[in-house]
Amino acid sequence: MDNVYIEDLRKKVKKALAVDKNRYRHTLGVADTAACLAMRYGIDVQRAYVAGLLHDCAKCVPDSKKISECEAYGLAISSYERISPYLLHAKLGAEYAKRIYGINDPEICSAIAYHTTGKPAMTRLEEIIFLADYIEPRRNQASDLPKVRKMAFVDIRRAIYTVTADTLDYLNSMGKPIDPMTEQTYRYYAGLYEKSGKDQES
Ligand code: DGI
Ligand code: FE
Ligand code: FE
C-alpha cells in the first residue's frame, strides 16, 4: 500500500460517490480521522486510512440495487435489512472492497461490513472505523460530539459505549427498527464499563 496505490483508490472512490459530493468529503474525513486514531492506538496507519476511504463505497447505490446485488453475491439479508435497506451499504461495501477495489485484507473488509451497526468485541481497526465515521470533522448532528471526539483519543471503547447509547436513543426516538447487532454492540461495550466501573486499558 504505497501512496500511488492509495491515490488511485481515492480517485475510484470519488467516482463511485460522484452523485453526492458531501459523501466523498465525509469519506475523506473518516479516512483522515481513522489514520489519526491508528497513530494513537498503535496500528497500521495506511490500513486504517484505506478502510476509512472505502467504508461508504456502496452508500450511493440505490436501495433496490443494494438488495439485488447482495442477493447476487449470496450475502444474507436479515428482516431488519429488508425494512432498512440502507443498512446494507456496509456489508455490500465490504464485498465491493474485495471484488472491485481488490482489497484482500479480511480485517479491512470486516471493518467496512460492521461500520454501521458495530459488533461485540470489535478489533481495534473495526473500532477505529466505527468511531471515525461518527466523529469525523464534517459531522455536526450529535449533541455530544465534542465530548466523544476527545474521549475517542483517550479511551476508544468508552467512546463507543457513549456513541452506541446515543444511537439507540436516537433510533428509538425516531421509531426506527433496531438491528439486533446494534443492540448487541451497545450491550457489549456498556458491559465493559458497567462491570468494573472504571476505565479499561486501551
Ligand atoms: O453511512 P453514514 O451515514 O456515514 O453512517 P452509518 O453507516 O453509521 O449510518 C448511520 C445511520 O445508521 C444513522 O442514522 C444510524 C443508523 N443506524 C445504525 N444502527 C441502526 C441504524 N438504523 C437502523 N434502522 N437500525 C439500526 O440498527
Ligand atoms: Fe456508512
Ligand atoms: Fe460513513
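Indexing begins at 1, ligand by ligand and atom by atom, following the structure's order. One-based numbering along the sequence shown.
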Check: [Y] and [X] side chains under 4.5 Å, non-hydrogen atoms:
X    : Y    : answer
I103 : C109 : yes
T116 : F130 : no
Y73  : K98  : no
Y188 : M122 : no
S110 : K119 : yes
E183 : R187 : yes
R157 : R124 : yes

Do me a favour and list the nearest non-hydrogen protein atom to [atom] with residue, atom name and distance?
atom                    : value
atom 13 (C) of ligand 1 : Y170 CE2, 4.7 Å
atom 7 (O) of ligand 1  : T116 OG1, 2.7 Å
atom 25 (N) of ligand 1 : P177 O, 3.0 Å
atom 6 (P) of ligand 1  : D133 OD2, 3.5 Å

Please work out, at 4.0 Å between heavy atoms, whether the side chain, the backbone, both, or neither of [X] comes within that distance of ligand 1.
X    : answer
L171 : side chain
L87  : side chain
E136 : neither
T117 : neither
T182 : side chain
E81  : neither
Y86  : side chain

(message) Under 4.0 Å, counting heavy atoms only: does M181 come that close to any atom of ligand 1?
(response) no
(request) Run the contact test for R139 against ligand 1 with a 4.0 Å cut-off on heavy atoms, strictly below, and give the result. (result)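 Contact check R139 vs ligand 1: positive.
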So is there a nitrogen or oxygen of [X] less than 3.5 Å from a nitrogen or oxygen in ligand 1?
X    : value
H89  : yes
K176 : no
K59  : yes
H55  : no

For a quick test of reading the model, state the closest non-hydrogen atom pair linking [X] to [Y] and the distance between them.
X    : Y    : value
L75  : L92  : CD1-CA, 4.4 Å
Y41  : A152 : OH-O, 2.7 Å
I112 : A94  : CG2-N, 3.5 Å
D179 : L87  : OD2-CD1, 4.1 Å

Close-contact set for ligand 1 against [X] heavy atoms, below 4.0 Å:
X    : answer
H115 : 7 (O)
R23  : 1 (O), 2 (P), 3 (O), 4 (O)
H26  : 4 (O)

(message) So, 2.8 Å as the limit: is an N/O/S atom of H115 located closer than that to the Fe ion (ligand 3)?
(response)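 Not a single backbone or side-chain N, O or S atom of H115 is under 2.8 Å from the Fe ion (ligand 3).
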(message) Looking at the Fe ion (ligand 3), is there an N, O or S atom belonging to D133 that lies under 2.8 Å away from it?
(response) yes
(request) To the nearest 0.5 angstrom, please state how far the CG atom of L168 sits from the CG atom of L171. (result) 6.5 Å
(request) To the nearest 0.5 angstrom, please state how far the CG atom of L53 sits from the CD1 atom of I129. (result) 10.0 Å
(message) Looking only at N, O or S atoms in H89, which is nearest to the Fe ion (ligand 2)?
(response)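 Distance check against the Fe ion (ligand 2) picks out NE2 in H89.
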(message) Testing R138, K59, H55 one by one against H26 for a side chain to side chain donor-acceptor pair (under 3.5 Å), which residue passes?
(response)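 For H26, the side chain to side chain donor-acceptor pair (under 3.5 Å) check succeeds only for H55.
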(message) E71 and salt bridge (charged side-chain N to carboxylate O under 4.0 Å, His left out): which single residue from K65, K66, R82 fits?
(response)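 That would be R82.
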(request) With the Fe ion (ligand 3) at the centre, find the angle made by NE2 from H26 and NE2 from H55, to 10°. (result)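 About 100° at the Fe ion (ligand 3).
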(request) Have a look at D56 and say which of its N, O or S atoms is nearest the Fe ion (ligand 3). (result) OD2
